[in-house]
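Take a look at the structure set out below.
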Amino acid sequence: MARDKGRDNITGRHRRVLPQDRPREVYVFTEGEVTEPEFIEFVTAQGTRAQQGREVICSVENLNAPTKRRKPLPLVDEAIGKWTEVQRAAKKAKLDPDGWNWPQVWCLFDRDKHEDIPTAFSRARKAKVHVAYSHPCFELWRLLHYQNYTSTFGGVCDSAAGKLKNQSGFAQTYGPTIRSVSPELAKRVMPGQLQGKYKKARQYAKQIGAGHTGPDQTLWDPYTDVWSFVEDGLDVVDY
């Protein structure tokens, strides 16, 4: 998702704008090549802002990254580099670190079978890079738009994806004649899968998350806090 051309931004050339009038800039690094960027595009276009008049410009920074760079630790390392750049520019623009439009850098990644999850979280926390995490994968967040789910997936993303594809009406969001969905097509995010279902998904996700109190994120099965990115990052409270 490219940033809109012609807009002011803190990291490039811009006309003179008062700091308080600047939009919030959010930079995101996603593990998924299709699903997460399309989800972000939907939310930024269709979401209801927490406060009207606020503008958020969201940019997915690694749209063309190779697969080997789409793992938690490389994502966090690249995000830290971006955050250093963005923070420097924000200070130069005299933005208030406590202001709502102070920029943010986020990583969206999954448990899957990654072995570097604790290290990725530790580095992100130390650098103040935000993380939205799903266990076993982002498909859990999509599934919660249809139903609550509290049982373990055993870390198997295909199980979550299978349950998602079996939801009533899910296939038809891709077209009225479609009865089954291929894995490739299922990665595409359609508005009908999400519209009007956010508050229910958020409620389910928070209830699930409340049951995980241990420090080892690899054991949080199931878990997703994508809602925190929606609200704290994109300033959206419903869609």
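Positions are given from 1 along the sequence.
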So CD of Gln51 and CG of Asp235: to nearest 0.5 Å the spacing works out to 7.5 Å
Check each of Phe39, Tyr239, Tyr198 against His145 using the ring-ring contact (aromatic ring centres under 6.0 Å, His included) test, and report the only one that passes.
->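 Filter result, single survivor: Tyr239.
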Are [X] and [Y] joined in one hydrophobic group, where the rule is that I, L, V, M, F, W and Y side chains link up if heavy atoms are under 4.5 Å apart?
{"X": "Phe138", "Y": "Phe170", "result": "no"}
{"X": "Tyr133", "Y": "Phe153", "result": "no"}
{"X": "Met190", "Y": "Val181", "result": "yes"}
{"X": "Val129", "Y": "Phe29", "result": "yes"}

Heavy-atom side-chain proximity of Glu36 to Asp110 below 4.5 angstrom |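 Touching, per the 4.5 Å side-chain cut-off.
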Tyr223 and Asp225: side chain to side chain donor-acceptor pair (under 3.5 Å), yes or no, with the steps?
-> CA-CA 7 Å; Tyr223 179 88; Asp225 60 359; 3.2 Å; yes
If you compare all heavy atoms of [X] against all heavy atoms of [Y], which two are closest, and at what distance to 0.1 Å?
{"X": "Asp116", "Y": "Pro74", "result": "OD2-CD, 4.4 Å"}
{"X": "Leu144", "Y": "Ile208", "result": "CD2-CD1, 4.0 Å"}
{"X": "Val76", "Y": "Ala124", "result": "CG1-N, 3.8 Å"}
{"X": "Cys137", "Y": "Asp112", "result": "CB-OD1, 3.9 Å"}
{"X": "Phe109", "Y": "Ala120", "result": "CZ-CB, 4.2 Å"}
{"X": "Lys199", "Y": "Asp238", "result": "CE-OD2, 3.5 Å"}

With respect to Gln193, which candidate in Arg188, Gln167, Arg142 satisfies the side chain to side chain donor-acceptor pair (under 3.5 Å) definition?
->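 Result for side chain to side chain donor-acceptor pair (under 3.5 Å) with Gln193: Arg142.
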Let me see the working for Glu231 and Arg202 under salt bridge (Lys or Arg N to Asp or Glu O under 4.0 Å), right down to the final yes or no.
-> CA-CA 10 Å; Glu231 298 189 4; Arg202 178 185 185 274; 2.6 Å; yes
Looking at [Y], does the NZ or CZ of [X] lie under 6.0 angstrom from its six-membered ring centre and within 45 degrees of the ring axis?
{"X": "Arg111", "Y": "Trp220", "value": "no"}
{"X": "Lys197", "Y": "Tyr146", "value": "yes"}
{"X": "Lys128", "Y": "Trp83", "value": "no"}

Neighbour count >12 (heavy atoms, 6.0 Å) for atom CG, Asn64 | no
Given the side-chain rings of Tyr204 and Tyr149, with only the six-membered ring counted for Trp, is the space between their centroids under 6.0 Å?
-> no
Establish, from distance only, whether the side-chain atoms of Glu31 and His114 form a donor-acceptor pair under 3.5 Å.
-> yes
Lys163/Glu139 salt bridge by N-O under 4.0 Å criterion = no
Worked check of side chain to side chain donor-acceptor pair (under 3.5 Å) between Gln104 and Trp102 | CA-CA 7 Å; Gln104 298 181 11; Trp102 185 252; over 6 Å; no
Could you walk me through whether Glu25 and Tyr27 pass the side chain to side chain donor-acceptor pair (under 3.5 Å) test, one step at a time?
-> CA-CA 7 Å; Glu25 296 188 2; Tyr27 303 86; 2.2 Å; yes
